[in-house]
There are 2 protein chains.
Amino acid sequence: MSNAEQRKRKSQLTPRREPVQARARERARQILDTTGRLLEEVGLNDLTTILIAKELGVSVGSLYHYFPNKHAILYAMGEQWLSSMTVALEELEQQDLENLDLQQFLAELLDRLVAVYREQRGLLPLVQAMWGIPELHELDERHDELLISHLSAMYKRLGFVCPPNEMNRLARATLETCHALFLVIVNQAGVRSDRTREDLQQMLFTMLNAHRGEARPAGLDDVEAP
Amino acid sequence: MSNAEQRKRKSQLTPRREPVQARARERARQILDTTGRLLEEVGLNDLTTILIAKELGVSVGSLYHYFPNKHAILYAMGEQWLSSMTVALEELEQQDLENLDLQQFLAELLDRLVAVYREQRGLLPLVQAMWGIPELHELDERHDELLISHLSAMYKRLGFVCPPNEMNRLARATLETCHALFLVIVNQAGVRSDRTREDLQQMLFTMLNAHRGEARPAGLDDVEAP
DNA sequence: AAAAAACCGGCGCAGGGCGCCGGCTTCCAG
DNA sequence: CTGGAAGCCGGCGCCCTGCGCCGGTTTTTT
């Protein structure tokens, strides 16, 4: 079955081989870099392998030495994004959270995450890709899990006593609110973005502060639910 | 230029003709209905004209009597969505807002909007389409403008005294926060969704209450900016 | 210096979905 | 009852774009 063969190849998302030589590693980095730049400029719909190759000044064939197909490039960008988030979150977890109050914690959290959003090239099209391209869905899910697990852990260290399912709900609400407003913030000019950033912090504080001490929230006896 | 011709046809999004007979009008409604159902079931990527026709039990040719192309169907769904929102907002504006306090207002607002989100079939793929398909971008923008203008007007009636650009910022923050959390809410089960709905209300209250009286916010002297 | 890895440009080609076509059926008016 | 307009139907042409392999050359590594 050549069809099955093709599907297999198509669903292959990891790089063809681990680049060993310095030059090759550099190339792979350059490809991602260029792709990021192009995503910003032309958007997801007009991004083609030919365009990437031309922009970078290499041939299409070369591209396929590093990545088995176009989606794999986007996938790699997504992983880069995930790892930036991971770094930011782990740095935050280094801190002495037990002795931070909630406002201080939120200020730290938002600063770090906004920075990650700010430095990511072509973020919006990338998000769009993670929603729209089936092969990349997994990344979106991993992103959510990553944030939920880290946030839950940190909330606990801050003294939250909610049961796991409620913690989960709070983390999800936090993450979605942050994501939505970060996208607003990075598109605003100086003062406005600071104000929105501050509003976000106060909103999160309101939500979290209201629930931090609820050991047994009413009506939430289920263990796991969306 | 057959190419220009084609482009012209492709960019055509309004229905081919206004249906005059009852049967035809009914068909058009059915097409949108079926499309909504299919969007829920198979998602945006696997939605094809053939599938729509087969599901509805008509031929593909028939579809093209009512809509010039596939995107036009989605466009029509989007417009339906916009009009639901408009209705909800206008109903709210009927009320005696001047004598409502902010909490009461937010409760009303959220109830109505959540209801609209709940009853819209295939909402998520539709949103995805409005982001991903260039022809539908306009809908997304109109949606934002719609909400921002209505929200600004209502905030004013509630006694807000901010300058227009700040009002705009607050409306945008409101809309993005609502959108993000509505999508969470409609996917949660009973009690949890109520709690998130309540959290959202308190968060919005926090943000809006903080700024309702700021006639001259510091550093916001520009007239228009993102 | 030989082997392995990286690089190059061209081109075959597959396939999936779009939407037109030509002819039929139904409905309404006169 | 009849004529014509609106509605309906299935098929399939076909496009066309982007994917990704190939055979050969150059560079790096050991």
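A note on names: the letters A, B, ... follow the listed sequences, proteins ahead of strands, and every chain is numbered from 1. Values in this document were obtained by computation on a predicted structure and should not be read as measured data.
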Is any side-chain heavy atom of L151(A) closer than 4.5 Å to a side-chain heavy atom of M167(A)?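 L151(A) does not reach M167(A) side chain to side chain.
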Evaluate the side-chain proximity of W81(A) to M85(A): yes if any heavy-atom separation is below 4.5 Å, no if none is.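 The answer is yes; the side chains approach within 4.5 Å.
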Ignoring hydrogens and geometry beyond distance, is a side-chain donor-acceptor pair present between E90(A) and Q94(A) at under 3.5 Å?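 Distance-only check fails for E90(A) and Q94(A).
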Would you indicate which nucleotide in dC19(D), dC8(C), dC8(D) comes nearest to any side-chain atom of R27(A)?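 Comparing dC19(D), dC8(C), dC8(D) against the side chain of R27(A), the answer is dC8(C).
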Using a strict heavy-atom distance below 4.0 Å, which residues from residues 41-60 of chain A are in contact with DNA chain C?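 Contacting residues: V58(A), S59(A).
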Nearest whole angstrom, please: distance from the [atom2] of [N] to the [atom1] of [X].
X	N	atom1	atom2	value
R29(B)	dG7(D)	CZ	P	17 Å
L63(A)	dG18(D)	CG	P	14 Å
Y66(B)	dG7(D)	OH	C1'	6 Å
E26(B)	dA6(D)	CD	P	20 Å
K70(A)	dC21(D)	NZ	P	16 Å
Y64(A)	dG18(D)	OH	P	11 Å
N69(B)	dC18(C)	CG	P	9 Å
H65(B)	dT26(C)	NE2	C1'	13 Å

Nearest 0.5 Å, what's the CE-CE distance between M207(B) and M203(A)?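 Spacing of CE (M207(B)) from CE (M203(A)) equals 5.0 Å.
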N-O pairing of E93(B) and R157(B) below 4.0 Å: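 A salt bridge is absent here (no side-chain N lies under 4.0 Å from a carboxylate O).
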Can you tell me if R112(B) uses its side chain to pair, donor with acceptor, with the backbone of E91(B) under 3.5 Å?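 No, the answer is negative, given that no donor and acceptor are paired below the 3.5 Å cut-off.
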